[in-house]
2 protein chains.
Amino acid sequence: MQYSYAYPHPAVTTDIVIFTIQHSRLEVLLIQRLKDPFKDCWALPGGFVDIDENLENAAMRELCEETGVRDVYLEQLFTFGDTGRDPRERVITVAYFAVVPNHLLQPIAGSDAAAVAWQPVDQLPALAFDHDRIIETARSRVSAKARYSTIACQFLPKEFTLSELQTVYEILLKEQLDKRNFRKWILSLNCIEATGAMRRNGQHRPARLYTPVDPGHVAFIR
Amino acid sequence: MQYSYAYPHPAVTTDIVIFTIQHSRLEVLLIQRLKDPFKDCWALPGGFVDIDENLENAAMRELCEETGVRDVYLEQLFTFGDTGRDPRERVITVAYFAVVPNHLLQPIAGSDAAAVAWQPVDQLPALAFDHDRIIETARSRVSAKARYSTIACQFLPKEFTLSELQTVYEILLKEQLDKRNFRKWILSLNCIEATGAMRRNGQHRPARLYTPVDPGHVAFIR
DNA sequence: GCAAAAGTGTTACGCGTACACCCATGG
DNA sequence: CCATGGGTGTACGCGTAACACTTTTGC
């Protein structure tokens, strides 16, 4: 079957930059392409937007297909539509980014045939299309949002220690933070609260556990 | 001539929210639609993205057609693509916003037949499609950017007085500012500098003129 | 008892905020 | 000389930044 229009129409895709923190660094989920163009190249997960599907739903569908997760943080990033960014036809991609807590990232379920891998954003392989630019844009956005929102909590499970949260901030901001100042600051925001529970990790004092006051919600701060 | 595809393709448009400050308020450029759907309704300027035209070029083209200006601040805002937002076919719109200095806004040149008018963002008529939501998104963005960038300078001509700049901030932020504190703050940013020239406006002391250190560039501050 | 991470308080400095009067000009 | 907006300085308080030692646990 063919679909015809009086004027040429571009194709519209969504690509999604899925972030997690693993191995003490920011990582992104990539797939290895099976077909040309850019066969064997690494690329962002993504695909065509169905004609009767909202953009955000398309991005959620991709996210779920690649990671098996839902109900994680998802935000529209930017729309990349330069002519020539895909050699086959005019393709405009609405890029999204997602933040997946690291305890949920084992099951890369439902991914189709291509290889799928978490890769550190600071040492990426050659990427298909303009996906390097998309990832760089997403990286800037998520780091910037760490400064003025509670997005960092989205990298962690429902309960976490203050040290874990501090590590997330340090990775996103690429700078070391003072432990006492960090604790004073994060607690003064009233965006997380102690659960009362503790966690024993190793041969040292157990840590108090905290949880977001408003889970799933990214609040603006300052 | 017909253009055929193996899968259905959405149409892609750009709509552009063109802001200026006039009559001591934030205003936006609207056009009155000549045809259905939403005949006679007010709407944002915009139109289809040519198949061999970059998105930003499409937005610049619209801006230039509607206002005759070029080389003003233009930024991608958000992509609105809900199914059903256009009753004719699936239309995904990449929205941009622009800031036009008020001394350039007389010549609404080259606009095609429909009525064109500047309207205050706080008293808008009923709008076509989801254009009310687009304008609200743009309004939030420009106000937020006033707090952490030098975008306010983009509303003014190359040379302006500190009182004029303060008025722009007050309109964007919807709050009164203290004159002495504003001057101390804006000068400490080193984003504007005195030209040495003065301007006589009325029957009072002439004002020093200032100009952006890096004209055309919107710097992040704080 | 030792290694390893958790937890805790005080001081100093800079920035943001509050606030009122004189100056230059035109009419 | 009067009306109008232009231009200027200080004092206070809060928030950010610097900084080191004790506690609890496992081995």
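The structure displayed is predicted, hence computed values, not measured ones.
Remark: aromatic rings of A/Y210 and A/F160 are distant, center separation not under 6.0 Å. In this structure, B/W118 has its ring center no closer than 6.0 Å to that of B/F19.
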Each nucleotide N or O in nucleotides 13-15 of chain D that has a protein N or O under 3.5 Å away: list the pair and distance.
none

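Applying the 4.0 Å criterion to OP1 and OP2 of C/dG7, one finds that A/R183 has a side-chain N or O inside that range. Considering only side-chain N and O atoms, B/S163 lies under 4.0 angstrom from the phosphate OP1 or OP2 of D/dG6.
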When you check every protein heavy atom under 4.0 Å of nucleotides 21-27 of chain D, what one-letter string (B, S, -) results, 5' to 3'? --BBBBS
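Remark: B/T150 pairs with no residue by the side chain to side chain donor-acceptor pair (under 3.5 Å) rule, at least two apart or across chains.
Counting only N and O atoms by type, the side chains of B/E170 and B/Q166 include a donor and acceptor under 3.5 Å apart. Under the 3.5 Å distance criterion, with hydrogens and angles disregarded, a donor-acceptor pair is assigned to the side chains of A/T83 and B/N54.
Proximity of a side-chain donor or acceptor of B/E66 to a complementary backbone N or O of B/L63 within less than 3.5 Å is not detected.
Nearest approach of A/M198 to A/P206, heavy atoms of both residues: CE-O, 3.9 Å.
Side-chain atoms of A/N201 stay outside donor-acceptor range of the base of C/dA5, with no qualifying N/O pair under 3.5 Å. Between the side chain of A/K184 and the base of C/dT8, no donor-acceptor pair of N or O atoms lies under 3.5 Å.
By the neighbour-count criterion of 12 heavy atoms within 6.0 Å, atom CZ of A/R199 is densely surrounded, having more than that number from other residues, nucleotides or ligands.
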